[in-house]
Amino acid sequence: CMGGCSASRFVAATTRPAAAMSGPQAMLVPQDTSNGDGHSYQFDLVVIGGGSGGLACAKEAGQLGKKVALLDFVDPSPQGTRWGLGGTCVNVGCIPKKLMHQAGLLGEAFSDARSFGWELPESGIAHKWEKLTTAVQDHIGGLNWGYKVALREKSVKYVNAKGRLVDAHTVEATKQNGQKETLTAERVVIAVGGRPRYLGVPGDKELCITSDDLFSLATPPGKTLVVGASYIALECAGLLHALGFPVHVMMRSIPLRGFDQEVAGAICEYMEKKGVVFIRGCTPTKFERTEGGKIKATYKHAEFGFDADQEYDTVLLAVGRDAVTLDLGLDAAGVAYDKKTGKIPATNEQTNVPSVYALGDVLEGRQELTPVAIKAGVRLAQRLYNGGKLQMDYNAVPTVVFTPLEYGCVGLSEEDAIARYGEDGVEVYVSHLKPLEWTLNHEEHEGQAVRGDNEVYCKLITHLADEERVIGVHYLGPQAGEIIQGLAVAVKAGATKAHFDDCIGIHPTIAEEFTILSITKRSGKDSKKKGC
């Protein structure tokens, strides 16, 4: 959820004083620290959640000499999937996704290799799903261990337990065996992240998987239905298809809501050319196990109202995520939150309760991105414990969607730019081109060019009244992250179109195109490149 939320869904309760520790729950912990107002706590800071933001904040505070505890616990998915310390990104998000995306890109590159003189077996090259997942999980296991070591090096107490607020300064930690420990702290940071949403239709939790399960599947997924049109849905659909599995994508409405819709449409068009089947305007109504062991997905067409069904080996749901805060004890601590999504409104990461802060995916109206959570966590710790002044800037945050043809962007979409400044207030520079690395490959697959002409797209959006300051950059093509990361610095620095034009491009690259853009949408000229 990137927008605001209805105030009627916010829930708040009265903050209660910290509970005194007594009895068997008073386990061995660091000695009390005094905050100077007459209250003593066991910790300066307790962080609930061991994902990107929580780890970053805890380590920074520990490095600054504060007594810090970090609690992390993963409830298994409905399919029983668990993982270790590190949160979504490391275990079931960015890291395994990017590795499997790379596996798909390598498979596609065999076609290029033949054109560059490499002789490959006529029978083709097989892919072993089990080998890929084992290698990915081994890498993740190493990262999990590394986080534990890093916490120890920063003198942060790591507790593998589920945290729940008792009041604004007290956290109850419940371990897997049911043992409870009570921790008190001057401040508490909530960084528990989110989990995939389910549809609430018969068979969804029993028969479907989510991104929580995909990257550790013990057996190949086979013919897969991906339900959803989010970036997670399209990324998973793209990598599975690139690895050789038949993939259908069922989407109720538009793809990549919140992103530039021209580019979103181009992504779907590219994926369709490659063989991904899109089932538009439909929503599943139930899932059933067939006698043959398949999953029968029954769905309804929203516009025409008819029902249909198809059978699949795997159904993956990617229909959104919810913050894992509804059983966190927010009411007991008096923390306001959105009862529908679990999201927490906060100003500079501070909730309505002065001693309670929130980071990352639980925050209302903030980007659900790992680097955002990390930087916000570090800056929060610096402000709390080192006199830091820097607030987190949530504007002009770059991001990449790792679809088969990658999409990177920073700043405003074309729709948002026009809505903010008016159609006459913006200029949109565009170019379509074919990377040099693709030009030798003339192979076709089922009547479609493996490397089509002018499929890479560059878009630069400027604000005319502000000396053509660049307010949006969009790129669809190879290595999107590497290209957009550099351009994002320019956008953050307030670069104008003149700055881009004055920069000498590096030849021959795709990125140089952003230094020579001259065709505008307003001109009506053909933006397809001819020649290098």
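Positions are given from 1 along the sequence. Fair warning: this is a prediction, and the values are worked out from it, not measured in the lab. Heavy atoms only: backbone and side chains are in, while hydrogens, waters and symmetry mates are out.
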Does Arg164 reach the main-chain N or O of Asp327 with its side chain, forming a donor-acceptor pair under 3.5 Å? yes

One pair to check against side-chain contact (heavy atoms from CB on, under 4.5 Å): Cys409 and Tyr475. What are the steps and the verdict? CA-CA 6 Å; Cys409 60; Tyr475 166 71; over 6 Å; no

Please check this pair: side chain of His248 against backbone of Val226, looking for a donor-acceptor N/O pair closer than 3.5 Å. no

Tell me whether the count of non-hydrogen atoms from other residues, nucleotides or ligands lying under 6.0 Å of CD1 in Ile125 goes above 12. yes

Listed by chain and number, what are the salt bridge (charged side-chain N to carboxylate O under 4.0 Å, His left out) partners of Lys492, not counting sequence neighbours? Asp393

Once you round to the nearest 0.5 Å, how far does SG of Cys236 lie from CZ of Phe402? 13.0 Å

Could you report the tightest heavy-atom contact between Gly228 and Ala233, atom names first, then the distance? O-CB, 3.3 Å

Ignoring hydrogens and geometry, is there a side-chain-to-backbone donor-acceptor pair from Asn177 to Gln179 under 3.5 Å? yes

When Asp322, Asp213, Asp212 are each screened for salt bridge (Lys or Arg N to Asp or Glu O under 4.0 Å) with Arg195, the one that passes is Asp212

Could you check if a side-chain atom of Asn144 sits within less than 4.5 angstrom of a side-chain atom of Val90, using non-hydrogen atoms only? yes

Measure the shortest side-chain to side-chain distance between Leu405 and Ile267 over non-hydrogen atoms and say whether it is less than 4.5 angstrom. no

Side chains of Ser216 and Gln137: donor-acceptor distance under 3.5 Å anywhere? no

Test item: Met392 and Val372 side chains (from C-beta on) under 4.5 Å apart, heavy atoms: yes

Distance check, rounded to the nearest 0.5 Å: Leu243 atom CG versus Leu105 atom CG? 9.5 Å

As a quick check of understanding, evaluate side-chain contact (heavy atoms from CB on, under 4.5 Å) for Ile344 and Val335, giving each step before the final call. CA-CA 8 Å; Ile344 301 173; Val335 177; 4.1 Å; yes

Rounded to the nearest 0.5 Å, what's the gap from OG1 on Thr314 to CG on Leu207? Could you check? 11.0 Å

Would Tyr457 and Glu262 satisfy side chain to side chain donor-acceptor pair (under 3.5 Å), going step by step from the backbone distance to the final call? CA-CA 10 Å; Tyr457 185 41; Glu262 181 187 24; 2.9 Å; yes

Lys/Arg-Asp/Glu bridge criterion (N-O < 4.0 Å) met for Glu60, Arg379: no

So, Asp416 side chain and Leu412 main chain: donor-acceptor pair closer than 3.5 Å or not? no

Measure from NZ or CZ of Lys67 to the centre of the six-membered ring of Phe43 and say whether it is under 6.0 Å with the direction within 45° of the ring axis. no

Which value, rounded to the nearest 0.5 Å, describes the distance between Leu151 atom CG and Leu85 atom CG? 6.0 Å

Carefully, step by step, assess Thr182 and Glu172 under the rule side chain to side chain donor-acceptor pair (under 3.5 Å). CA-CA 5 Å; Thr182 301; Glu172 181 182 78; 5.2 Å; no

Could Lys162 and Asp72 be called an ion pair, given the rule that one side-chain N must be under 4.0 Å from one carboxylate O? no

Charged N to carboxylate O under 4.0 angstrom, Asp112 versus Arg451? yes

Does a salt bridge link Glu455 with Lys273, judged by any charged N lying under 4.0 Å from a carboxylate O? yes

Does some side-chain heavy atom of Ile483 sit less than 4.5 Å from a side-chain heavy atom of Gln485? no

Minimum-distance pair of heavy atoms, taken over all atoms of Ser230 and Leu256: C-CD2, 3.9 Å

Side chain Ser52, main chain Ile374, donor-acceptor under 3.5 Å: no

A quick test of your reading: do over 12 heavy atoms of other residues, nucleotides or ligands sit less than 6.0 Å from NZ of Lys223? yes

Determine the interplanar angle of the His169 and Tyr41 rings, folded into 0 to 90°, and report it as parallel if under 30°, tilted if 30 to 60°, perpendicular if over 60°. parallel

Can you see which heavy atom on Ala381 is nearest to which on Leu64, and at what distance? O-CD1, 3.9 Å

Return yes if some donor-acceptor pair links the side-chain N/O of Ser111 with the main-chain N/O of Glu108 below 3.5 Å, else return no. no

What do the steps show when you test Tyr357 against Glu349 for side chain to side chain donor-acceptor pair (under 3.5 Å), and what is the final call? CA-CA 5 Å; Tyr357 298 77; Glu349 294 76 53; over 6 Å; no

So, the side chain of Thr88 versus the backbone of Val92: is there a donor-acceptor pair under 3.5 Å, distance only? no

So, taking the atom named SG in Cys208 and the one named CD1 in Ile295, what distance separates them when rounded to the nearest 0.5 Å? 6.0 Å

Do the side chain of Thr170 and the main chain of Asp167 share a donor and acceptor less than 3.5 angstrom apart? no

Has the side chain of Glu406 got a donor or acceptor atom that lies under 3.5 Å from a matching backbone atom of Pro478? no

Derivation and outcome, side-chain contact (heavy atoms from CB on, under 4.5 Å), residues Val277 and Val247: CA-CA 6 Å; Val277 176; Val247 176; over 6 Å; no

Lys175 vs Glu181 side-chain heavy atoms within contact, under 4.5 Å: yes

Nearest 0.5 Å, please: how far is CG in Asp204 from CD1 in Ile209? 13.5 Å

Assess the residue pair Val249 and Ile279 against the criterion (side-chain contact (heavy atoms from CB on, under 4.5 Å)); give the C-alpha distance rounded to whole Å, side-chain angles, the decisive distance to 0.1 Å, and a yes or no. CA-CA 6 Å; Val249 176; Ile279 305 172; over 6 Å; no

Give the minimum heavy-atom separation between Leu234 and Pro255, together with the two atoms involved. CD1-CB, 4.4 Å

Contacts satisfying salt bridge (Lys or Arg N to Asp or Glu O under 4.0 Å) that involve residues 85-99 (not counting sequence neighbours) are Lys97-Glu235

Please lay out, stage by stage, how Lys343 and Glu368 fare under the test salt bridge (Lys or Arg N to Asp or Glu O under 4.0 Å). CA-CA 11 Å; Lys343 295 278 189 173; Glu368 297 182 5; 2.6 Å; yes

Using every non-hydrogen atom in the two residues, find where His139 and Leu99 come nearest and quote the distance to one decimal. CD2-CD1, 4.0 Å

Show your reasoning for whether salt bridge (Lys or Arg N to Asp or Glu O under 4.0 Å) applies to Lys459 and Asp260. CA-CA 10 Å; Lys459 177 192 284 193; Asp260 189 282; 3.0 Å; yes

Using the side-chain contact (heavy atoms from CB on, under 4.5 Å) criterion, which residues pair with Pro78? Sequence neighbours excluded. Tyr198, Lys205

Kindly check if the number of other-residue, nucleotide or ligand heavy atoms within 6.0 Å of CZ (Arg252) is above 12? no

Just by distance, do the side chain of Ser355 and the backbone of Ala168 share a donor-acceptor pair under 3.5 Å? yes

Nearest heavy atoms of Val410 and Val397, plus distance in Å: CG2-C, 4.1 Å

